[in-house]
> 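There's a structure below that I have some questions on.
Count residues from 1 along the sequence. From a predicted model like this one, the values you see are computed outputs, not experimental measurements.
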Amino acid sequence: MATNGYSNGGSTKGKPIKCKAAVAWGPGEPLVMQEVEVAPPARMEVRVKVLYTSICHTDLSFWRGENERQRRFPRILGHEAAGVVESVGEGVEDLAPGDHVVPIFNGECGTCAYCHSSATNLCGTYRVDAFKSTMVSDDGTRFSVVNTSGDTVPVYHFLNTSTFAEYTVLDAACAVKINPAAPLQKMCLLSCGISTGVGAAWNTANVSKGSTVAIFGLGAVGLAVGEGARIRGASRIIGVDINPEKFAKGKEMGITDFISPKACGKPVHEVIKELTDGGVDYSFECSGNVDVLREAFVSTHDGWGLTVVLGIHPTPRMMPLHPMELFDGRRITGCTFGDFKGKSQLPLLVDQCMQGEVKINFDGFITHEMPFSEINEAFRLLEEGKSLRCVLRL
């Protein structure tokens with residue numbers, strides 16, 4: 001089992017740590033719970049003891065190997081988590097052993113032109129990169145494992161985070177220090193799902209009070225959009241999903257109307273236009289399907305409608321709209337991590353939640369809690385549409 005070393009003066013500082021990790025050895029293969037070695041953090045890196053991690057559809061997509069160009073194994077997946085800093089590498093000044101942190105896949109160095117710009121939450125160096133599988137400082141890995149042949153081989157990183165392990169190494173730019181009083185089993189959802197959805201409503205679309213919203217895809221991100229729209233005072237929040245079992249959970253998250261494409265007998269955008277006198281003010285595509293994206297776009301009101309793309313699209317198909325359609329005043333944009341600047345803005349959001357100033361229904365997203373050892377069962381539940389977020393205790 002892993003060693004609990006939180007102090008820079010402790011027994012693990014500067015030394016490799018052997019711990020349990022769920023290693024993906026190939027597309028669609030069950031994750032293997034096995035011992036890995038985690039190297040000490042290099043310059044501008046931190047090593048974190050992961051206490052909670054959860055599973056997102058992005059983990060599922062990479063595990064399946066849906067995009068051949070992104071396949072690289074063996075690999076430690078996982079990007080939603082919370083934990084405690086065990087040790088820090090040279091040059092790290094904003095984090096210290098014992099700090100409670102949330103890993104983020106879209107980092108923030110705080111010094112580049114991108115980080116200084118209010119127009120983007122991307123970072124010149126540490127932005128999300130689905131093809132990246134090594135650390136920035138030396139293009140190497142911090143994980144290694146003994147394979148079935150008895151050879152020690154590197155284990156690759158995932159989305160700047162790799163949280164399906166008792167310990168992980170992050171770039172300091174990808175670790176957000178949060179209030180130590182915040183419950184980590186809930187805060188881990190800020191690593192991706194809740195931040196992405198709520199932020200899309202608040203930061204990307206800037207949903208206004210009394211406005212109308214349509215959400216295509218009621219997974220965790222789509223429901224988080226609903227939460228954000230509800231908090232902003234949207235008058236009508238329409239949820240669209242092929243699985244009617246998701247509608248009860250949607251109502252809990254503030255969604256007011258539901259459309260099942262299989263049951264409505266006409267194109268979804270026509271139904272939405274009838275419900276909203278010409279279309280919604282904002283639509284959010286959370287499915288990763290280009291045909292659904294088309295419906296989301298044409299469901300918005302001409303003159304001012306905005307479509308926000310949140311779904312991960314593995315298909316090589318291009319955008320399903322004609323450039324001239326943009327001349328009717330509709331707009332479309334993408335969104336990464338809810339347009340939050342992670343390190344500089346998430347700590348305030350956590351404090352606001354703790355103080356009751358912002359009431360996000362974290363509990364509503366957590367449908368299952370399991371020990372880390374049952375991670376393959378957690379994957380099965382998500383794959384079968386039976387869970388929103390399964391939080392694993394390490």
> For Asp94, is there an ion pair with Lys343 - N to carboxylate O distance below 4.0 angstrom?
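Looking at Asp94 together with Lys343, the answer is yes, because their closest N to O distance falls below 4.0 Å.
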> Leu77, Leu60: one ILVMFWY side-chain cluster at the under-4.5 Å cut-off?
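Same cluster.
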> If you apply the rule side chain to side chain contact (heavy atoms under 4.5 Å, CB included), what do you find for Ile231 with Lys359, and how did you get there?
CA-CA 8 Å; Ile231 293 170; Lys359 293 180 171 62; 5.7 Å; no
> From Phe365 CZ over to Ile194 CD1, what is the distance, rounded to the nearest 0.5 angstrom?
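One gets 4.5 Å once the value is rounded to the nearest 0.5 Å.
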> With the side chain counted from C-beta on, respond yes when Val309 and Leu293 share a heavy-atom pair under 4.5 Å apart, and no when they do not.
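Sidechains of Leu293 and Val309: in contact.
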> Can you confirm whether the side chains of Glu227 and Asn361 place a donor and an acceptor under 3.5 Å from each other?
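No donor-acceptor contact under 3.5 Å links the two side chains.
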> First locate atom CD1 of Ile76, then atom CG of Leu31, and finally report the distance between them rounded to the nearest 0.5 Å.
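Those atoms lie 10.5 Å apart.
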> Looking at Asn121, is its backbone amide N or carbonyl O close enough to the side chain of Asn106 to form a donor-acceptor pair, meaning the two atoms are under 3.5 Å apart?
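The answer is yes, because a donor-acceptor pair under 3.5 Å joins these two groups.
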> Working to the nearest 0.5 angstrom, can you tell me the gap between Asn243 CG and Lys246 NZ?
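So the CG of Asn243 and the NZ of Lys246 are separated by 5.5 Å.
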> Considering only Ile, Leu, Val, Met, Phe, Trp and Tyr, and joining two whenever side-chain heavy atoms are under 4.5 Å apart, list the other residues clustered with Val146.
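Via sub-4.5 Å side-chain contacts, Val146 links to none.
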> When you look at Ser54 and Leu392, which way does the side chain to side chain contact (heavy atoms under 4.5 Å, CB included) test go after all the steps?
CA-CA 6 Å; Ser54 53; Leu392 302 171; over 6 Å; no
> Please check if the number of heavy atoms outside Leu326 that lie under 6.0 Å from its CG is greater than 12.
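Atom CG in Leu326 is packed in, count exceeds 12.
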> I need the Thr141 OG1 to Arg75 CZ distance, nearest 0.5 Å.
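So the OG1 of Thr141 and the CZ of Arg75 are separated by 11.5 Å.
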> Is Arg47 salt-bridged to Glu86, going by a charged N under 4.0 Å from an acidic O?
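Yes.
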> I'd like to know if Ile178 and Val50 are part of one continuous hydrophobic network [Ile/Leu/Val/Met/Phe/Trp/Tyr, side-chain heavy atoms within less than 4.5 Å].
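Linked within one cluster.
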> If we check salt bridge (Lys or Arg N to Asp or Glu O under 4.0 Å) with Glu325, which of these qualifies: Arg330, Arg331, Arg294?
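Of the listed residues Arg330, Arg331, Arg294, the salt bridge (Lys or Arg N to Asp or Glu O under 4.0 Å) partner of Glu325 is Arg294.
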> Does Phe105 form a ring-ring contact (aromatic ring centres under 6.0 Å, His included) with Phe337? I'd like the steps, not just the answer.
CA-CA 8 Å; Phe105 60 84; Phe337 196 54; 5.4 Å; yes
> Looking at Arg380 and Glu374, is any side-chain nitrogen of the basic one under 4.0 Å from a carboxylate oxygen of the acidic one?
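Salt bridge flag = no for Arg380 with Glu374.
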> Hey, what do you get for OG1 (Thr163) to CZ (Phe372), rounding to the nearest 0.5 Å?
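Rounded to the nearest 0.5 Å, the OG1-CZ separation comes out at 8.0 Å.
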> Is it true that Phe340 and Val102 fall in one hydrophobic cluster, defined by side-chain heavy atoms closer than 4.5 Å?
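Yes; tracing contacts between hydrophobic side chains, which count when under 4.5 Å, links both residues.
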> Quick test of your reading of the model: are Asp281 and Arg236 salt-bridged, counting only N-O distances below 4.0 Å?
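No, Asp281 and Arg236 are not salt-bridged.
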> Do Ile312 and Leu223 belong together in a cluster built from hydrophobic side chains that touch within less than 4.5 Å?
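In one cluster: no.
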> What distance do Met319 atom CE and Ile332 atom CD1 have between them, rounded to the nearest 0.5 Å?
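One finds 3.5 Å between CE of Met319 and CD1 of Ile332.
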> Suppose we screen for side chain to side chain donor-acceptor pair (under 3.5 Å). Which residues come up paired with Gln34, at least two apart in sequence or across chains?
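Listed in chain order: Trp25.
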> Does some side-chain heavy atom of Leu170 sit less than 4.5 Å from a side-chain heavy atom of Thr168?
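The answer is yes; the side chains approach within 4.5 Å.
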> Could I get the full list of side chain to side chain donor-acceptor pair (under 3.5 Å) partners for Ser287, not counting sequence neighbours?
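Checked Ser287 against side chain to side chain donor-acceptor pair (under 3.5 Å); matches are Glu285.
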> Determine all donor-acceptor pairs shorter than 3.5 Å in which one atom belongs to a side chain in residues 129-137; sequence neighbours excluded.
{"residue": "Asp129", "atom": "OD1", "partner": "Phe131", "partner atom": "N", "Å": "3.0"}
{"residue": "Lys132", "atom": "NZ", "partner": "Thr134", "partner atom": "O", "Å": "3.0"}
{"residue": "Lys132", "atom": "NZ", "partner": "Asn160", "partner atom": "OD1", "Å": "2.8"}
{"residue": "Ser133", "atom": "OG", "partner": "Arg72", "partner atom": "NH1", "Å": "2.9"}
{"residue": "Thr134", "atom": "OG1", "partner": "Asp139", "partner atom": "OD1", "Å": "2.5"}
{"residue": "Ser137", "atom": "OG", "partner": "Glu45", "partner atom": "OE2", "Å": "3.1"}
{"residue": "Ser137", "atom": "OG", "partner": "Arg142", "partner atom": "NH2", "Å": "3.1"}

> Is any NZ, NE, NH1 or NH2 atom of the basic residue among Asp363 and Lys186 found under 4.0 Å from an Asp or Glu carboxylate oxygen of the other?
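Yes, this pair counts.
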> Do Thr125 and Glu108 have side chains that approach each other closer than 4.5 Å (heavy atoms only, starting at C-beta)?
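In short, these two side chains do not touch, never coming nearer than 4.5 Å.
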> Does the side chain of Glu377 reach to within under 4.5 Å of the side chain of Met370, using non-hydrogen atoms?
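Contact flag for Glu377/Met370 side chains = yes.
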> Linking I/L/V/M/F/W/Y whenever their side-chain heavy atoms sit closer than 4.5 Å, directly or via other members, would Tyr156 and Ile375 fall into one cluster?
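Unlinked, Tyr156 and Ile375 end up in two clusters.
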> Are any of the side-chain nitrogens in Arg64 or Glu383 under 4.0 Å away from the carboxylate oxygens of its partner?
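Salt bridge between Arg64 and Glu383, a charged N being under 4.0 Å from a carboxylate O: yes.
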> Heavy-atom distance under 4.5 Å between the side chains of Phe216 and Asn289, does that happen here?
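Phe216 does not reach Asn289 side chain to side chain.
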> Phe62 pairs by ring-ring contact (aromatic ring centres under 6.0 Å, His included) with which of Phe379, Phe158, Phe164?
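With Phe62 as partner, Phe379, Phe158, Phe164 yield a single ring-ring contact (aromatic ring centres under 6.0 Å, His included), made by Phe158.
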> Going by distance alone, is a donor N or O of one side chain under 3.5 Å from an acceptor N or O of the other, for Thr307 and Ser283?
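There is such a pair (donor and acceptor under 3.5 Å, judged by atom type) between the side chains of Thr307 and Ser283.
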> Listing request: all ring pair (Phe, Tyr, Trp, His ring centres under 6.0 Å) pairs with a residue in residues 239-264, at least two apart in sequence or in separate chains.
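The answer is Phe247-Phe258.
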> Do any side-chain atoms of residues 265-273 form donor-acceptor pairs under 3.5 angstrom with protein atoms, and if so which ones, sequence neighbours left out?
{"residue": "Lys266", "atom": "NZ", "partner": "Glu274", "partner atom": "OE2", "Å": "2.9"}
{"residue": "His269", "atom": "ND1", "partner": "Glu295", "partner atom": "OE1", "Å": "3.1"}
{"residue": "His269", "atom": "ND1", "partner": "Glu295", "partner atom": "OE2", "Å": "3.1"}

> Relative to Tyr114, does Arg127 satisfy both conditions: NZ or CZ under 6.0 angstrom from the six-membered ring centre, and within 45 degrees of the ring's axis?
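Yes, Arg127 and Tyr114 form such a contact.
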> Going through the checks in order, is the side chain to side chain contact (heavy atoms under 4.5 Å, CB included) test met by Leu189 and Glu80?
CA-CA 6 Å; Leu189 303 186; Glu80 280 194 346; 3.9 Å; yes
